[in-house]
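I have placed the structure first, in the form of structure tokens, so that the comments after it can refer back to it.
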Protein chains: 2
Amino acid sequence: MENQDIKKAGLKITLPRVKILTLLEKHGGHLSAEDVYKILLEEGEEIGLATVYRVLTQFESAGLVVRQNFESGQSVFEIDNGTHHDHLVCLKCGKVEEFLDATIEKRQEAIARQHGFSIKDHALVIYGYCNKPECSAE
Amino acid sequence: MENQDIKKAGLKITLPRVKILTLLEKHGGHLSAEDVYKILLEEGEEIGLATVYRVLTQFESAGLVVRQNFESGQSVFEIDNGTHHDHLVCLKCGKVEEFLDATIEKRQEAIARQHGFSIKDHALVIYGYCNKPECSAE
DNA sequence: GATGATAATGATAAATCTTCTCATTATCAT
DNA sequence: ATGATAATGAGAAGATTTATCATTATCATC
Ligand SMILES: [Zn+2]
Ligand SMILES: [Zn+2]
Ligand SMILES: [Zn+2]
Ligand SMILES: [Zn+2]
């Protein structure tokens, strides 16, 4: 029940917040603020773009969603299900796939240690062309 | 000699291009377009911000520089010396360190293959706090 | 259920980063 | 030196995101 998640985050349960969180949960994908705004408008919801940006940032701070900065220029958001993962992005169709590699995760810790960094976060994005016919032909 | 690099890229040798490439070479760091613009102005050069953006993009296409998209929001550029590397970024002071880990590079190839992606590029950025006293205290 | 303190919303303006436009200027092959 | 062509730079415009603020909604308390 997403309403409890919103309340736990110290935020009041409002229609925009419930709508945005529900959309992210049911969609499952990696959506930009503009995506969320447009989808909600298409579904007949009345919502302001500023609210979408504001709420997504609040959800990020509250740990409900994770922000990803792909090289597209705009941030995309996904539900934070607690398990970190990294991304593969198709440069042609924009498809996003997720992966988690224990070896890479471990090596990063070691590298940070070697450089005297206390690691806080990381972002690994592999760009390429997916195996769809219209994409694989480079 | 950077003039030859510019010529090889099919670009005319102009003052702005030489100034920008020289600056990136002597500075060595990871500079945003705005950084480059400000530094050149401080050095007394007459240059337009649009030119800096234009030239950096051309240099990127020509393989003279590499663009990095850290989560700061603005792209930063560095000379492409031919050897790929990834980055550690201090969230406090902005210090950037570079690393290259053969294990991670190899694993990425395998992951892309598993997912049917033909890998074109990747970006790995580790965010944390460096070991400077004013940064290490989280 | 009504009240009111407080927080949230949404329209709009503004900030930020980047690209586009176009008249002027510079480059370079001849 | 000349001229075709490319490059520059000032400013407008585009794209994404954040700030402002009057209006509205939430929710603890009555
Ligand atoms: Zn694809
Ligand atoms: Zn994801
Ligand atoms: Zn630091
Ligand atoms: Zn670097």
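Throughout, a chain's letter reflects where its sequence line sits, starting with A, and its residues are numbered from 1.
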Quiz prompt | A:Arg17 side-chain N/O to A:Val55 backbone N/O, donor-acceptor pair under 3.5 Å | solution = no
Exercise. Please determine if B:Glu71 and A:Lys120 form a salt bridge, counting it only when a charged side-chain N lies under 4.0 Å from a carboxylate O.
Key: no
Quiz prompt | Watson-Crick or G-U wobble mate for C:dC28, both contacts under 3.5 Å | solution = D:dG3
Self-check item: Spacing between B:Tyr37 atom OH and D:dG11 atom C1', to the nearest angstrom
Solution: 12 Å
Quiz item: Quick one: what's the B/S/- string for nucleotides 17-30 of chain D, heavy-atom cutoff under 4.0 Å, read 5' to 3'?
Solution: BBBB-----BS---
Self-check item: Integer-rounded Å distance: D:dT16 P and A:Glu71 CD
Solution: 15 Å
Practice problem: Could you state the atom-to-atom distance from NZ of A:Lys38 to P of D:dA15 in whole Å? | Solution: 10 Å
Practice problem: Please round to the nearest 0.5 Å and tell me the distance separating atom CG of B:Leu124 and atom NE2 of B:His87. | Solution: 10.0 Å
Quiz item: Rounded to whole angstrom units, what separation is found between the CD1 atom of A:Ile6 and the P atom of C:dA7?
Solution: 17 Å
Practice problem: Measure the distance from CG on B:Leu31 to P on C:dT18 and round it to the nearest whole Å. | Solution: 13 Å
Quiz item: Does the side chain to side chain contact (heavy atoms under 4.5 Å, CB included) test come out yes or no for A:Ile79 and A:Leu21, once each step is laid out?
Solution: CA-CA 8 Å; A:Ile79 290 289; A:Leu21 196 53; 3.6 Å; yes
Self-check item: Aromatic plane relationship, A:His30 with A:Phe70 - under 30° parallel, 30 to 60° tilted, over 60° perpendicular
Solution: tilted
Self-check item: Whole-Å gap separating C1' (C:dC17) and CG (B:Asp35)
Solution: 13 Å
Quiz item: Within this structure, what is the CG-to-P distance between B:Leu41 and D:dT8, rounded to whole angstrom?
Solution: 15 Å
Quiz item: Taking any strand in view, what nucleotide pairs with D:dC30 in a Watson-Crick or G-U wobble way, both distances under 3.5 Å?
Solution: C:dG1
Practice problem: Could you list the residues that satisfy side-chain hydrogen bond (donor to acceptor under 3.5 Å, both in side chains) with B:Arg67, not counting sequence neighbours? | Solution: B:Glu60, B:Ser75
Quiz item: When the distance from CD1 of A:Ile47 to C1' of C:dA11 is rounded to whole Å, what number comes out?
Solution: 14 Å
